[in-house]
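These numbers come from a predicted model, not from an experiment.
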Amino acid sequence: MARLQEGPHSSTAAEWPVDALMRAKDTTTVSVVLPARDEESTVGDIVTTIRRDLVERVPLVDEILVVDSNSTDATAERARAAGARVVAQNAVLPHLPPLTGKGEALWKGLAASTGDIVVFVDADLRDFRSHFVTGLAGPLLADADVCFVKAAYERPYVGEDGVPRPAAGGRVTELVARPLLNMFWPELAGFAQPLGGEYAARREVLEQVPFVTEYGVEFGLLVDLLELVGLDAMAQVDLGRRTHTHQSVAALGRMAGQIMHTAWSRLERQGRVLSSEPPAGTLLQFGTDGAGLADITVAERPPLASLVSGRELARRDVA
Ligand SMILES: O=c1ccn([C@@H]2O[C@H](COP(=O)(O)OP(=O)(O)O[C@H]3O[C@H](CO)[C@@H](O)[C@H](O)[C@H]3O)[C@@H](O)[C@H]2O)c(=O)[nH]1
Ligand SMILES: O=C(O)[C@H](O)COP(=O)(O)O
């Protein structure tokens, strides 16, 4: 219990009513950025809800940006029809060779957006309501010392039968990410959902940290932000319950590998492990169709601020 008491400042979404946030907002601008790869079934509803509640009803959100992450379905069209600005991942900073994955989508979203506060929300959420955004923006608008806010929630597993199994979701979180954090960065153990895709931060802070590509991005951000701003500037907000589209166990195996690679890279960078050779970048997986080798390496984008005039570049380059 001692550890929990020393954990991040915590609140619940109900503590951040929108009228109080409007008073605190003043001239601060807020962007909501959604990374989306083949999310045509959910992205439209999420954008519609944010637009209706937090742009039209109350002007808390200044920009809704969907980063179309090489989708092959109607994600971009649905997002645009619902009122988002949509950028293609590879059209942002096009002079850089493109990388892949969720971390790349977020880094490009940071480059292409303009808000002082950036709220990231996954585009595959099934029960999205606007308190996700107000809860995440609240601590940042209310307290100048807070730099980063991470969501916590209960995560059921909803199988093909549609029946939610309470607290059975977040398999990589429970089996890989939280054990690793407890072992090597125990200050971060109080974050209940370290891998969750819903978090918010001040732009000036996000632009100072690297973004790992693929699914290493959330783990890397937590570790790097702890080093940059310290636990006192990091907060957690309880958003209630979150349901999303589950990936297969094989896909989660690859995600777990990417997260382990990210943890290894931070341990090495912090001088806490010495290796004579890097960890293997492949994962042998056995499926019903036979065995195959999957690439589980991650790449890394540098802090956006290290690019010459990154925001100006982004604005100029995005079509
Ligand atoms: O190449 C990609 C892959 C994913 N996404 C989007 O990123 C979000 C989350 O991706 P998803 O595949 O649904 O991830 P989860 O299985 O839900 O993984 C969890 O754990 C990951 C590792 O921390 C986080 O990145 C996720 O946000 C978190 O929900 C969704 O909107 C995706 O469309 C992209 O934009 N590009
Ligand atoms: O955060 C996680 O562990 C992954 O997103 C997997 O979540 P799931 O077990 O709910 O599919």
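- With values rounded to the nearest 0.5 angstrom, T262 atom OG1 is found 9.5 Å from D224 atom CG.
- Salt-bridge formation is detected for the pair E218/K102: a Lys NZ or Arg NE/NH1/NH2 atom is positioned less than 4.0 Å from an Asp or Glu carboxylate oxygen.
- The structure places OH of Y199 at 14.5 Å from CD of Q236, a figure rounded to the nearest 0.5 Å.
- For the residue pair A123 and P35, the shortest heavy atom distance occurs at CB-O, 3.4 Å.
- Qualifying ring-ring contact (aromatic ring centres under 6.0 Å, His included) partners for H131, counting only residues two or more places apart in sequence or in other chains: none.
- Between S41 and R126 there is a side-chain heavy-atom pair separated by less than 4.5 Å.
- Side-chain atoms of H246 never come within 3.5 Å of backbone atoms of G159 as a donor-acceptor pair (strictly under, hydrogens ignored).
- Between L34 and I64, some side-chain heavy-atom pair lies under the 4.5 Å cut-off.
- Between M22 and P59, the closest side-chain pair of non-hydrogen atoms falls below 4.5 Å.
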Exercise. Hey, mind stepping through W185 and F191 against side-chain contact (heavy atoms from CB on, under 4.5 Å) and telling me if it holds?
Worked result: CA-CA 11 Å; W185 294 278; F191 284 100; over 6 Å; no
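- T100 approaches T213 most closely through the heavy-atom pair O-CB, 3.4 Å.
- In terms of hydrophobic clustering, with Ile, Leu, Val, Met, Phe, Trp and Tyr side chains grouped at heavy-atom distances under 4.5 Å, Y157 and L252 are assigned to different clusters.
- Checked by atom type and distance alone, the side chain of Q208 pairs as donor or acceptor with a backbone atom of E204 at under 3.5 Å.
- Atom CD in E154 sits 12.5 Å away from atom CG in L239 (nearest 0.5 Å).
- Side chain of K150 to backbone of P194: a donor-acceptor contact under 3.5 angstrom is found.
- Residue Q89 comes nearest to S69 through the heavy atom pair OE1-OG, 2.6 Å, listed as atom of the first residue, atom of the second, then distance.
- Connection of I296 to L267 is not established within any shared hydrophobic cluster, with ILVMFWY side chains joined at heavy-atom distances below 4.5 Å, either directly or through further cluster members.
- Looking only at side-chain heavy atoms (C-beta outward), L180 and F219 come within less than 4.5 Å of each other.
- Residues Y153 and D238 come closest through the heavy atom pair CA-OD1, 4.2 Å.
- A salt bridge links R266 to E300: one of the charged nitrogens lies within less than 4.0 Å of a carboxylate oxygen.
- Side chain of E198 to backbone of F132: no donor-acceptor contact under 3.5 angstrom is found.
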For this session: Show your reasoning for whether side-chain contact (heavy atoms from CB on, under 4.5 Å) applies to L96 and R301.
Result: CA-CA 10 Å; L96 301 176; R301 288 298 196 185; 4.0 Å; yes
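- With salt bridges taken as basic N to acidic carboxylate O contacts below 4.0 Å, one links D62 and K25.
- Across all their heavy atoms, S31 and E63 have their closest contact at OG-OE1, 2.5 Å.
- L188 is listed as a side-chain neighbour of M234, based on a closest heavy-atom distance under 4.5 Å.
- Although no hydrogens or angles enter the test, the distance criterion places a donor-acceptor pair under 3.5 Å between the side chain of R203 and the main chain of L110.
- At a threshold of 4.5 Å between side-chain heavy atoms, the hydrophobic network of Ile, Leu, Val, Met, Phe, Trp and Tyr places L225 and L195 in one connected group.
- In this structure, CZ on F128 lies 10.5 Å from OG1 on T48, to the nearest 0.5 angstrom.
- Proximity of L304 to L206: side-chain heavy atoms (C-beta onward) are nowhere separated by under 4.5 Å.
- Remark: side-chain polar atoms of H9 are not paired, donor with acceptor, to backbone N or O of A233 under 3.5 angstrom.
- Between the side chain of R241 and the main chain of D127, no donor-acceptor pair closer than 3.5 Å is present.
- Looking at V87, V67, L65 one by one, the single match for side-chain contact (heavy atoms from CB on, under 4.5 Å) with S113 turns out to be L65.
- Counting heavy atoms from C-beta outward, V249 and R171 have side chains that approach closer than 4.5 Å.
- Hydrophobic clustering keeps F211 apart from L99 (ILVMFWY residues linked when any side-chain heavy atoms are closer than 4.5 Å, directly or through intermediates).
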Problem set entry | Candidate pair E214 and H261, rule side-chain contact (heavy atoms from CB on, under 4.5 Å), full reasoning | CA-CA 11 Å; E214 311 295 344; H261 266 276; over 6 Å; no
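- With rounding to the nearest 0.5 Å, the separation of CG in D38 from CG in D68 is 8.5 Å.
- Across every non-hydrogen atom of P179 and E174, the tightest pair is CD-O, 3.2 Å.
- Rounding to the nearest 0.5 Å gives a distance of 10.0 Å between OG of S248 and CE of M255.
- Between the side chain of Q258 and the backbone N or O of Y215, at least one donor-acceptor pair lies under 3.5 Å.
- Clustering ILVMFWY residues whenever any of their side-chain heavy atoms sit less than 4.5 angstrom apart, transitively, puts V32 in the very cluster that holds V18.
- Counting only N and O atoms by type, the side chains of D116 and T28 include no donor and acceptor under 3.5 Å apart.
- Put simply, the side chain of R178 gets close to the backbone of A189: a donor and an acceptor are under 3.5 Å apart.
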Exercise. Between V223 and F184, is a side-chain contact (heavy atoms from CB on, under 4.5 Å) present by the stated rule, with each step listed?
Worked result: CA-CA 10 Å; V223 172; F184 298 114; over 6 Å; no
Under 3.5 Å, sequence neighbours excluded: what are the donor-acceptor pairs made by side chains of residues 136-149?
{"residue": "D143", "atom": "OD1", "partner": "D145", "partner atom": "N", "Å": "2.9"}

